[in-house]
Structures are given as structure tokens and as C-alpha cells.
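Structure first, commentary second.
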Amino acid sequence: MNVHLRIWRQPGPNAPGRLVDYSVEDIDPSQSFLEMLDKLNENLIHEGQEPVAFESDCREGICGNCGLVINGIPHGPKGACTTCEVRMRQFNSGDTITVEPFRAKAFPLIKDLVVNRSAFDRIMGKGGFVAVNTGSAQDANLIPIHKDDAEHAMDAAACIGCGACVAACPNASASLFVGAKVSQFTWLPQGQVERHTRVLKMVKQMDSEGFGDCSNHAECEAACPKEISISNISRMRREYTKAMFAAV
Ligand code: FES
């Protein structure tokens, strides 16, 4: 199959950017979207042109590195998958596909399709961990946890921090990401000691990074490759309110 691509090219953070047209031919439909971009880059390098900068690491939906907006939708139109899990058979030969970076004030563009998502790391650094001594793995297994609570915690912990929620939100809010990260500890006994300080610090950092507020559009949930529920945002808000009262 052959596709036409319109790809956002921008040499640097302060340089002007534009959509540039490319064609890629003889694509195997079983190839991944990123393999198709690899093929494009091989062609560009062969022609002495600058390859397109984009991110990837695991290429199996685990690391969250591969964030692209494909035809206007973070991670593409299939839903519930990351960009690296998108297969070319989801498109038709002859299609024109527009590829852009995740756009948000808190995710400044570095080059072409690569944005800086270290704001998420700084939020995690404020409370996305358990600092109390929980013992070894055997000790953790001795703590009884209701199966429903464990399931809720695991569902929230499925967030891979890719940033699609931010890219999809009209306010560029990080509420789904932070909500998931707060919730995953809230459901577990190991997360109780720092329960209040965690949510206060993470929300404060989220606000200082320039993310917008949540106005319940739910675009984040629709774009999330791990189908994280927006109920985690409600939980974060409840946790925040409780922590504010506990602090006075
Ligand atoms: S490259 Fe790791 S999730 Fe896509």
C-alpha cells in the first residue's frame, strides 16, 4: 500500500513550523505506523534530507514515549492503543494521513514531532511514590487488600504517562494523569501515610506547570490508550478537598 503524509516539521522550539507533504510506497499493511515512519526516514536519509524526529522506545504499548496526533486524534482513530500499536492496515492505500505533535503549553515542542513531557516527571517527583518503608515483596504480600481495591489500584496504575489526555483536552488539562497517579496509591494501604500530602503537592505542581483545568469534556478518557476512567479525576478532587480540610 502507498500513503501520502502531511507531517509537522519544525527545526526547533522557536523556529516556525509547517506541514510538509511526503509519500511512502510499498508499505506492508502489517507494518506498524512507526515502522512506516522509519521507512520514510530511510528514504529521506537516502535522499540527503533531514529525517523526521519522533519518539519511541518499547514499541509495544508500555513506555508511553510514542505520542503522535494522527488525523487529529492523539494515538490515532482506533482508540485504546498507543501510536506504536497502530497498524497500517487500519488505513487504506492512497489515504492522506496528517501527523502532528502533542500540542500543549506545558509540553513545549523540541523538534518536529517531539515534545518535552518532563512536566509529568516533575509532578511524579512531588508525590508519585511511597516514601515509607513497606518492607520487602514478601511483606507486601502479607498485607490483606480487598480484591476490588486491588483491581481499582491496578486500573489506575495502568496509566503509562504518554500525555494523550493532555493533547486531547481542549484545556490541555493533566487531570486524568494526576488523578490516576493519585488514585493508584489511595486504594492501597501502603499509600495511606502520605495520602494527604501527596495529592496537595501533586496538584500544586500540576497547576504550576501551566496545565489547564478539567471542565468535564471527557476527551481525555476517549483518547487514553489504557482506557483510564475519568472517575479518577473525581477521586482526585475528593482527595484534594479532604486533604485541604485535614490541613486546617
Ligand atoms: S513506544 Fe512505548 S508505548 Fe509506544
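Each ligand, and each atom within it, is numbered from 1 in the order the structure gives. Values in this document were obtained by computation on a predicted structure and should not be read as measured data.
Residues Leu68 and Leu37 form a side-chain contact, since some pair of their non-hydrogen atoms from C-beta on lies under 4.5 Å apart.
In terms of protein heavy-atom proximity, atom 1 (S) of ligand 1 is nearest to Arg59 N, 3.1 Å. Protein heavy atom in closest approach to atom 3 (S) of ligand 1: Gly64 N, 3.2 Å. The protein heavy-atom contact nearest to atom 4 (Fe) of ligand 1 is Cys66 SG, 2.2 Å.
The aromatic rings of Phe102 and His75 lie perpendicular to each other, with more than 60° between the two planes, well past the 30° mark.
If you look at Ile62 next to ligand 1, the close heavy atoms, those under 4.0 Å, all belong to the backbone.
For the residue pair Gln192 / Arg195, a side-chain donor-acceptor distance below 3.5 Å is found, with atom types taken as modelled.
Between Glu239 and Lys242, at least one side-chain N (NZ, or NE/NH1/NH2) sits under 4.0 Å from a carboxylate O, which counts as a salt bridge. Under the 4.0 Å criterion applied to side-chain N and carboxylate O atoms, Lys201 and Glu194 are not assigned as salt-bridge partners. Under the 4.0 Å criterion applied to side-chain N and carboxylate O atoms, Arg237 and Asp213 are assigned as salt-bridge partners.
Assignment of Asp57 to the shell around ligand 1 is supported, since a heavy atom sits closer than 4.0 Å.
Metal site remark for atom 4 (Fe) of ligand 1: Cys58 contributes no N, O or S atom at a distance under 2.8 Å. In summary, Cys63 places an N/O/S atom under 2.8 Å from atom 2 (Fe) of ligand 1, meeting the contact criterion.
Near Gly61, meaning under 4.0 Å from one of its heavy atoms, ligand 1 places the atoms 3 (S).
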